[in-house]
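Structure record follows, encoded as structure tokens.
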Amino acid sequence: MILTVVLGIGATLAEGIGISLFIPFLQGISGNAFAGGQNNRIVVFLVNLFGNDLTDRLGIIATCIFLALVVKALLNYFSDLSYSLLEARIGHEIRVELHERLLDADFGLLERTRDERLFNTLVTESWKTIKAVTLVVYLMIAVATMIIFSALLLMISWRLTILVAVCMIAISLFVRLLRKRVELLGRVATWSNLRLTGRMIEALSGMETIRSYGMESFANDRFTSASKRVSDSFLRLSLLSGLVGPIYEVLTAGLLVVLLVVSFHNEANIPAILVFIFILHRLQPRIKSIDGTWLAMESMKAPVNEVLWLLDQSPDGTDAGGQRSFTGLSDAIEFRNVSFAYDRTAAPALADVNVRIPRGTTTALVGPSGSGKSTFVKLILRLYEPQAGSILADGHNLNEYDIVQWKAKIAVVNQDPYLFNASAFDNITFGLPGADAGTVEAAARKADAHDFIRGLPRGYRTNVGDDGGLLSGGQKQRISMARALIRQPDILILDEATNALDSISEDAIQRALEALPGQCTRIVIAHRLSTIESADQILVLDKGRVVEAGSFRTLLEMRGLFADLHRRQRQGEHAFD
Ligand code: ADP
């Protein structure tokens, strides 16, 4: 930033010197025709600078003017160059920082924040913020230029300078009246852009639903009106900011005419006055650009605030502390009086949970939708911290462990797993970066994914599309199972799919689970009772509380909620979800 500003100021200085040299030059050409103003110190200084011989003087001055302008052009070029470098670098840094915040900011906050707000901040507002930062540099150069040129004007004629300054300030104040309005329009534009981004996300992620319900024209109407609003508000914004330029030009042109008339009447030193007006002419667009830049920065307040909002999100507490190394579970995971609520005012998602999950066992979580099963898993994954009680692994609180080592020993298969827009191979090695083809294939075989992957057009190298869009639900699930198995996890968390799996791959996954090494601890969110008959313990959750716990048999004999769910499911009702 400093380099850019210094180069910019250097260019202005060179230009100022070049323009000032026109005074002795014009004086020389005109001989003594312009006698007035010879008591002006700067004029006398410049005229005497180049000696008395007229021909020599003109040649030297012309060369100096030329050199000054060459230096100005060079410095301008390097200033522009470093300006572009600055813009590129700041852009890169802001984008990377924003992305880092997505990875380390409080998970709950990101879950609560609307997708379109995050998306908009990352995609659109970050660009505007980059622009705003570079505008600050631009503004500094413009202000420095203004100061240097004003100093020259003062030296040539302080009276005229004061007259001009007063008029300029009046013009500027007038233009500033527009500023409030522009700021308001800027906010409206940002807001409508947010709506439009929302509609775009909706069109992409809800495409199937929209089309299957034949709601294309409904969706199109909504999108069209959001898009129209964006165009309108940006149009109004640019119409208003575009007014600034012409208003300035007309007013300052009037000012120049007044100046010329006043000085000719007063028989001042004509070369000096001509240079004065020329400098003023060069200064005017800069003052205009200062006001324009200022206005542009006003309209960027809202975008910059959005970016700052995300940048300011402190990392969630889960990264703090945690020095203890974790090489694997040797005894058990234990929940002690754990309570957690997403929102302090809402009912707790988990309340006073006490559970012991011994190493190498299978624990199934069952319960109606919203009973807290996913929350239980999120706490183990340390996406959230319990608000009361503690979760221990081998007797130590989870937050004592190094979080990277802790997560490295866990693998998760979600109900609706996310696949990256990459090859099947890359999606599997996401679980174990750098794994070789043999390991990938072995994991895929265990997850019953090998055969169908081989059948894809390019085998393991086939791109699976956005979120695995080119695969069926069951195939996605099997790839994600392979991704989990390749990790050789110590703790496997499986959110069993309700419908995605066909019965063949359900069996295969059951076999894969059974084939896991004996020391692997399994936690399964179960939606079908047939899959958990052999679980070591089943936890029945209801409204965040563990209401029943025990083996399949014991729970049936209790004739409580579990037995009830079991009976309803056998009768074909949707018991759990
Ligand atoms: P389950 O997995 O058993 O369906 P969850 O653990 O997802 O249940 O949800 C438990 C409770 O917490 C529900 O009442 C749900 O509405 C609420 N909940 C889940 N996720 C969030 C979230 N990100 N923000 C606020 N509330 C949530």
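No hydrogens, no waters, no symmetry mates; every other heavy atom, side chains included, goes into these values. Both ligands and their constituent atoms are indexed starting at 1 by order of listing.
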Go through the side-chain N and O atoms of [X] and [Y] and say whether any donor and acceptor fall under 3.5 Å apart.
{"X": "Ser227", "Y": "Thr224", "result": "no"}
{"X": "Ser330", "Y": "Asp394", "result": "yes"}
{"X": "Thr439", "Y": "Asp436", "result": "yes"}
{"X": "Ser423", "Y": "Asn463", "result": "no"}

Q) Quick one: does Lys373 get an N or O within less than 3.5 Å of an N or O on ligand 1? A)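 Yes, since at least one N or O of Lys373 sits under 3.5 Å from an N or O of ligand 1.
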
**Prompt:** N/O to N/O below 3.5 Å, does that happen between Arg112 and ligand 1?
**Reply:**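 It does not: no N or O of Arg112 is found under 3.5 Å from an N or O of ligand 1.
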
Quick check on contacts: which atoms of ligand 1 are under 4.0 angstrom from a heavy atom of [X]?
{"X": "Ser374", "result": "1 (P), 2 (O), 6 (O), 7 (O)"}
{"X": "Glu111", "result": "22 (C), 23 (N)"}
{"X": "Ser371", "result": "1 (P), 3 (O), 8 (O)"}

### Query
Heavy-atom contact under 4.0 Å between Gly372 and ligand 1?
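Yes, that is the case, since the closest heavy atom of the residue is under 4.0 Å from the ligand.
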
- Would you indicate which of Val377, Thr375, Val366, Leu350 comes nearest to atom 9 (O) of ligand 1 when only heavy atoms are counted?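 Closest candidate by heavy-atom distance is Thr375.
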
Legend entry - Of the listed options Gly370, Gly544, Gly108, closest to atom 14 (O) of ligand 1 (non-hydrogen atoms):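 Among Gly370, Gly544, Gly108, the closest heavy atom to atom 14 (O) of ligand 1 belongs to Gly370.
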
task = Kindly write out the residues that satisfy ring-ring contact (aromatic ring centres under 6.0 Å, His included) with Phe452, not counting sequence neighbours, or none if the list is empty.
result =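 Not a single residue meets the ring-ring contact (aromatic ring centres under 6.0 Å, His included) criterion with Phe452.
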
Residues in ring-ring contact (aromatic ring centres under 6.0 Å, His included) contact with Phe552, at least two apart in sequence or another chain: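 In terms of ring-ring contact (aromatic ring centres under 6.0 Å, His included), with neighbours along the sequence ignored, Phe552 is linked to Phe562, His566.
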
